[in-house]
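A short write-up of the structure that comes next.
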Amino acid sequence: MWQGPLVAPGGNRQSPIDIRVRKSVFDPHLKPLTPDYDPGTCSQIWNNGYSFLVEYDDTTDKSILKGGPLEDNFRLCQFHFHWGESNAWGSEHTVDRRLFPAELHMVHWNSNKYSRFEEAVMEENGLAVIGVFLKIGKRHEGLQKLVDALPAVRHKDSVVEFTRFDPACLLPANIDDYWTYAGSLTTPPLTEAVTWIIMKQHIEVSHDQLAVFRSLLFTSAEEEVQKSMVNNFRVQQPLRGRTVRSSFT
Ligand SMILES: COc1ccc(N2C[C@H](O)c3cc(S(N)(=O)=O)sc3S2(=O)=O)cc1
Ligand SMILES: [Zn+2]
């Protein structure tokens with residue numbers, strides 16, 4: 001895991017956290033999530049030195065997330081993953097201390113309140129991130145197109161065109177059961193701008209598919225020492241009295 005500040009100075013809503021299921025509070029007012037994504041807005045894959053980001057054109061409301069705990073429209077701007085060097089760990093969030101080999105984050109920003117992502121990322125509740133746990137099992141057919149593109153972005157700062165990918169294929173069958181809480185980005189600038197929506201149901205990917213994630217590098221092509229992109233998760237942060245709500249009993 002990256003050696004950034006263990007706890008952001010003055011932060012009282014930092015992420016990730018352990019979700020204590022029995023301490024979460026059922027909220028009957030939470031609505032079903034209604035993602036509506038247009039695969040035509042998919043543009044590129046970029047290795048930013050923390051993860052690889054699959055980026056979407058967010059200049060229109062073509063790929064949006066509404067409902068759930070959200071009052072406004074949130075535009076999809078990118079999705080990325082966090083994973084371990086082994087299948088024993090890798091997720092950022094945990095459920096009753098249970099670790100998963102990887103975790104998907106789908107990042108959206110509030111297009112009702114802000115005109116640009118850069119603005120929203122600095123504001124309280126400017127972002128909504130869907131978290132989905134990955135387990136090792138059967139091959140994920142939809143993920144394979146992405147896995148095949150990864151060797152092209154092996155080094156930090158490399159970019160490759162990537163189009164027509166429907167991010168909805170990475171969501172679990174049941175998206176009505178989730179936990180939600182007020183948190184932060186888990187990488188710098190660690191801003192406390194995120195409404196987290198963590199899916200109860202995981203998705204399955206094959207061992208070989210996850211192994212390709214581990215072939216990526218934290219380092220750019222110029223650096224002498226190449227470092228494998230693994231364990232790109234942040235250490236867990238104190239709950240500081242926050243309540244995690246659940247959409248299910
Ligand atoms: C201020 O400049 C910026 C602020 C944030 C970012 N991002 C990249 C981050 O790696 C990152 C990590 C996120 S996570 N693990 O879901 O909490 S979300 C996210 S990002 O897309 O917002 C880029 C520029
Ligand atoms: Zn993330």
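First listed ligand is number 1; within each ligand, the first listed atom is number 1. Everything quoted here is computed from the prediction, not taken from an experiment.
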Please tabulate, one line per pair, the protein N or O atoms found under 3.5 Å from any N or O atom of ligand 1, giving the distance to one decimal.
{"residue": "ligand 1", "atom": "10 (O)", "partner": "Thr187", "partner atom": "OG1", "Å": "2.9"}
{"residue": "ligand 1", "atom": "15 (N)", "partner": "His80", "partner atom": "NE2", "Å": "3.3"}
{"residue": "ligand 1", "atom": "15 (N)", "partner": "His82", "partner atom": "NE2", "Å": "3.2"}
{"residue": "ligand 1", "atom": "15 (N)", "partner": "His105", "partner atom": "ND1", "Å": "3.4"}
{"residue": "ligand 1", "atom": "15 (N)", "partner": "Thr186", "partner atom": "OG1", "Å": "2.7"}
{"residue": "ligand 1", "atom": "16 (O)", "partner": "His105", "partner atom": "ND1", "Å": "3.4"}
{"residue": "ligand 1", "atom": "17 (O)", "partner": "Thr186", "partner atom": "N", "Å": "2.8"}
{"residue": "ligand 1", "atom": "21 (O)", "partner": "Gln78", "partner atom": "NE2", "Å": "2.6"}

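Taking the six-membered ring wherever Trp is involved, the centroid distance between the rings of Trp83 and Phe52 falls below 6.0 Å. Between His93 and Trp179, the distance separating the two ring centers is not shorter than 6.0 angstrom.
Around the CD atom of Glu71, the shell of radius 6.0 Å holds no more than 12 heavy atoms that belong to other residues, nucleotides or ligands. Atom NZ of Lys23 has 12 or fewer heavy atoms from other residues, nucleotides or ligands within 6.0 Å.
With hydrogens and angles left out, the side-chain atoms of Asp208 and Ser206 include no donor and acceptor closer than 3.5 Å.
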Per-pair distances, 0.1 Å, donor-acceptor, side chain in residues 157-167, under 3.5 Å, sequence neighbours excluded:
{"residue": "Ser158", "atom": "OG", "partner": "Val153", "partner atom": "O", "Å": "3.4"}
{"residue": "Ser158", "atom": "OG", "partner": "His155", "partner atom": "O", "Å": "2.3"}
{"residue": "Asp166", "atom": "OD1", "partner": "Ala168", "partner atom": "N", "Å": "2.9"}

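Checked against the Zn ion (ligand 2), the N, O or S atom of His105 at the shortest distance is ND1.
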